[in-house]
Asker: 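Here it is: the structure, laid out below.
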Number of protein chains: 2
Amino acid sequence: MGKTRTSIRDVARESGVSLTTVSLVLNKNDARISDATRQRVLEAMEKLAYTPSRLARGLPNRRANTLAVLVPQLQHAFADVYFGELISGIYEAAVDRGYRIILEVARREYIRRKEYMTLLEDCSVDGILFLGATEEHRWLSEFDGTDKPLLIVNNHFSQWNLHSVVCDYPAAGRLAADYLADLGHTHIGHICGPRGMVRTSEELTDAFIERLGERGIRLSERQIVDGQFLVETGKIACDELLARNPKLTAIFAANDKMALGAYQSLRGVSKAPGADVSVLGCDDIPTAALADPPLSTIRMNFVEVGAASCRRLLDVIEGKESPEKMNQRIPVTLVERGSCHSVEGARR
Amino acid sequence: MGKTRTSIRDVARESGVSLTTVSLVLNKNDARISDATRQRVLEAMEKLAYTPSRLARGLPNRRANTLAVLVPQLQHAFADVYFGELISGIYEAAVDRGYRIILEVARREYIRRKEYMTLLEDCSVDGILFLGATEEHRWLSEFDGTDKPLLIVNNHFSQWNLHSVVCDYPAAGRLAADYLADLGHTHIGHICGPRGMVRTSEELTDAFIERLGERGIRLSERQIVDGQFLVETGKIACDELLARNPKLTAIFAANDKMALGAYQSLRGVSKAPGADVSVLGCDDIPTAALADPPLSTIRMNFVEVGAASCRRLLDVIEGKESPEKMNQRIPVTLVERGSCHSVEGARR
DNA sequence: TAATTCTGGTAAAGCATTTTACCCCGCCGC
DNA sequence: GCGGCGGGGTAAAATGCTTTACCAGAATTA
């Protein structure tokens with residue numbers, strides 16, 4: 001029993017047509033087929049509970065109908081909400097268009113052996129979405145000027161011509177600046193991302209400083225400290241910030257994790273986050289809403305970034321795309337919660 | 001250029017042997033081949049930078065060297081840390097054994113069409129890991145008594161004979177009971193998981209109650225309220241718990257999210273979590289450590305659960321496993337942070 | 001009525017492997 | 001000197017589908 005799976009051949013026999021016809025129906029390459037025939041074929045499929053083999057389908061035209069999600073080697077990358085949200089969005093967009101996704105981690109050995117190329121060459125996947133790209137990932141240059149289907153998710157590179165989709169970080173920076181300025185803050189600190197590593201993060205910081213300048217508030221170098229996007233480094237950065245500028249009334253962190261680190265730092269010197277010093281984050285990770293006080297932040301819809309990235313990559317793959325690798329920007333919004341207050345209204 | 005990828009045929013021509021020979025060498029099915037020939041073939045491969053096509057390889061022997069990670073349809077499942085950690089563990093174990101993983105969401109339509117079966121039948125994957133299984137997932141019965149390679153991750157079913165790997169929930173329940181009892185608590189509340197839905201969660205609750213009983217502390221039904229494992233439902237459950245038993249000095253929640261909901265509930269009635277009422281969680285999600293006060297909890301190593309699950313499934317697939325579907329239990333540990341205090345030492 | 005164009009469909013050649021016979025040849029034992 | 005055997009290979013079928021011709025017959029045109 002179950003000797004061999006039911007194949008297109010069985011469907012053909014059952015419905016009394018040729019293999020070709022079945023295949024055409026299957027591929028919705030229907031135009032040439034009459035309604036009656038199509039119907040018969042579909043019924044036969046239903047009756048035999050036929051499901052085409054992905055493997056066999058891919059062979060002739062060298063398409064796997066699969067995308068790879070590639071992440072850098074970090075401690076349990078898939079457990080990170082940031083990647084998780086991106087992946088959720090990617091998954092949904094992929095399924096919508098009939099694609100599957102596989103997960104890959106770019107370990108050192110993986111890079112050395114150029115496995116990402118093998119992936120494309122052995123027809124395992126039709127395209128690659130790279131998450132968490134930083135300036136460290138020099139191997140991306142191999143894709144510069146290539147028409148290979150690789151897309152950088154939520155970062156970009158000025159030195160190379162690669163496809164990418166990013167959040168509107170400059171807008172986020174301006175949003176943050178306006179918000180804090182509107183609240184009357186003038187002594188503002190900023191915890192930025194690691195220097196020279198992530199373009200988007202630098203755009204955020206640049207736009208923040210510039211807009212603040214336009215509003216008549218100058219941020220000196222002393223009011224900016226960098227962190228590695230982690231809670232611990234956010235805490236350390238905030239410690240430094242407070243030591244340098246005891247009169248700060250507001251802090252803007254380049255991501256929520258560092259903002260939560262700032263909470264810890266403030267408590268360490270007996271200041272109440274939100275009440276004594278306003279804290280504004282960026283990203284809107286789930287933990288932000290759970291913090292005490294709930295963290296106000298700039299919401300980046302990472303699920304949407306993932307989905308948009310995936311759609312664009314598929315456009316490239318399916319040739320629905322003009323050859324220029326234009327970059328797309330996903331809009332951001334301000335989420336007011338309890339961690340920012342106007343200067344006058346602040347406690348004490 | 002690059003008209004057609006270099007195939008096994010090119011290697012055969014280059015090294016002057018037959019397709020078969022190349023294939024045999026490729027598959028380390030070497031016994032019959034002389035060293036000299038093997039060497040020649042390997043050199044040809046190297047020279048031509050040949051990489052076999054995964055697609056084509058899978059066709060004849062119906063093996064994909066791929067595993068599917070299947071999750072129920074939840075809002076952005078992959079963004080959930082719980083699933084994320086499991087997936088990280090799964091990924092690592094899979095890579096170690098030369099397997100890839102694909103992601104799948106079991107939507108309603110997916111179930112109706114039995115796509116999980118298709119997955120196995122069309123040779124897309126060699127096995128399935130199902131995360132987030134509850135009693136609602138009746139379709140799992142199709143795998144009962146089957147030798148199909150499906151494994152339930154971190155839950156199990158008494159009514160069906162399925163492979164599974166779970167955390168040691170009974171041990172967790174005992175750990176929690178002993179800890180709170182040791183701290184001198186006698187008025188204890190418990191927020192359990194949804195009733196009749198998740199076996200492991202019930203084991204946790206049962207063991208908790210039983211051990212508490214052994215320590216002379218009886219938990220009445222009034223001291224137990226269920227939640228849906230979410231922050232909001234944890235808050236609601238805790239509200240109810242406090243309304244019923246104003247004198248509670250400790251609360252044990254079946255997961256960290258609900259414990260954090262309890263924090264919110266307590267604050268709502270002006271009680272300080274940790275100080276006025278001890279709160280103990282379960283899981284040890286990253287947010288637990290960030291909460292204020294940091295949440296004491298039972299650590300379940302989900303990354304390890306994922307890895308162990310994957311290894312077991314691969315054993316089954318590769319026939320390294322005795323036919324009995326024995327269940328495996330991953331040990332748990334208590335993580336003391338700031339949210340539990342002894343009764344005497346409590347504030348007020 | 002003959003020539004042309006559709007319409008609906010089919011045969012067959014791939015696609016890149018694995019795997020199952022089967023084959024040739026030299027050597028051994030008798 | 002011959003049957004048997006084993007080492008080292010190979011030819012060819014099979015895997016399940018796509019796609020490119022190509023082909024009847026009907027409808028339309030000239």
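FYI, side chains are in, hydrogens and waters are out, and symmetry mates aren't considered; it's all heavy atoms of this structure. Sequence lines set the chain letters: A, B, ... in the order given, protein chains first and strands last, and positions in each chain run from 1.
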Asker: Please check the phosphate of dG8(C) (OP1 and OP2 only) for any side-chain N or O of Ser34(A) closer than 4.0 Å.
Answerer: no
Asker: Pairs under 3.5 angstrom only: tabulate donor-acceptor contacts from the side chains of residues 77-93 of chain A to other protein residues two or more places apart or in another chain.
Answerer:
from	atom 1	to	atom 2	distance (Å)
Asp80(A)	OD1	Tyr82(A)	N	2.7
Asp80(A)	OD2	Lys257(A)	NZ	3.1
Tyr82(A)	OH	Asn154(A)	ND2	3.0
Ser88(A)	OG	Phe78(B)	N	3.3
Tyr91(A)	OH	Val105(B)	N	2.8

Asker: In whole Å, what is the span from the CG atom of Leu55(B) to the P atom of dG16(D)?
Answerer: 14 Å
Asker: Taking atom CD of Glu142(B) as the centre, report whether more than 12 heavy atoms of other residues, nucleotides or ligands fall under 6.0 Å from it.
Answerer: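 Yes, enclosed.
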Asker: Both Ser18(B) and Ser53(A) contact DNA chain D. Which one's nearest nucleotide lies toward the 5' end?
Answerer: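 By nearest-heavy-atom nucleotide position, the 5'-most residue is Ser18(B).
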Asker: Which atoms of nucleotides 18-22 of chain C (N or O only) lie under 3.5 Å from a protein N or O atom, and what are those distances?
Answerer:
from	atom 1	to	atom 2	distance (Å)
dT18(C)	OP1	Asn27(B)	OD1	3.0
dT18(C)	OP1	Asn27(B)	ND2	2.9
dT18(C)	OP1	Arg57(B)	NE	3.0
dT18(C)	OP1	Arg57(B)	NH2	3.4
dT18(C)	OP2	Ser23(B)	OG	2.4
dT18(C)	OP2	Asn27(B)	ND2	3.2
dT19(C)	O4	Thr20(B)	OG1	3.4

Asker: Can you check the Asp122(A) CG to dT17(C) P distance for me, whole Å?
Answerer: 9 Å
Asker: Whole angstroms only, please: what is the CZ-P distance between Arg9(B) and dA12(D)?
Answerer: 12 Å
Asker: Donor-acceptor pair, Ser7(A) side chain versus Arg9(A) backbone, under 3.5 Å?
Answerer: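 Confirmed, Ser7(A) side chain pairs with Arg9(A) backbone.
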Asker: Would one find a side-chain N or O of Arg62(A) under 4.0 angstrom from OP1 or OP2 of dA16(C)?
Answerer: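 For dA16(C), OP1 or OP2 has a side-chain N or O of Arg62(A) closer than 4.0 Å.
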Asker: Separation of Leu59(B) atom CG from dT18(D) atom P, in whole Å?
Answerer: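 Taking CG of Leu59(B) and P of dT18(D), I get 12 Å after rounding.
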Asker: Quick one: Arg63(A) CZ to dC17(D) C1', roughly how many Å, whole number?
Answerer: 13 Å
Asker: Measure up the Phe157(A) and Trp160(A) rings against each other and bin them: parallel (under 30°), tilted (30 to 60°), perpendicular (over 60°).
Answerer: tilted
Asker: Does the Ser23(B) side chain pair with the main chain of Leu19(B), one donor and one acceptor, at a distance under 3.5 Å?
Answerer: no
Asker: Take atom CZ of Arg40(B) and atom P of dG8(D), then tell me their distance rounded to the nearest Å.
Answerer: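 Rounded to the whole Å, the gap is 13 Å.
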Asker: Take atom CG of Asn65(A) and atom P of dT18(D), then tell me their distance rounded to the nearest Å.
Answerer: 10 Å
Asker: Which value, rounded to the nearest 0.5 Å, describes the distance between Ser124(A) atom OG and Glu104(A) atom CD?
Answerer: 8.0 Å
Asker: In whole Å, I'd like the distance from the CD1 atom of Ile33(A) to the C1' atom of dT10(C).
Answerer: 10 Å
Asker: Passes side-chain contact (heavy atoms from CB on, under 4.5 Å), Arg38(B) versus Glu43(B)? Steps please.
Answerer: CA-CA 9 Å; Arg38(B) 186 195 346 281; Glu43(B) 274 163 18; over 6 Å; no
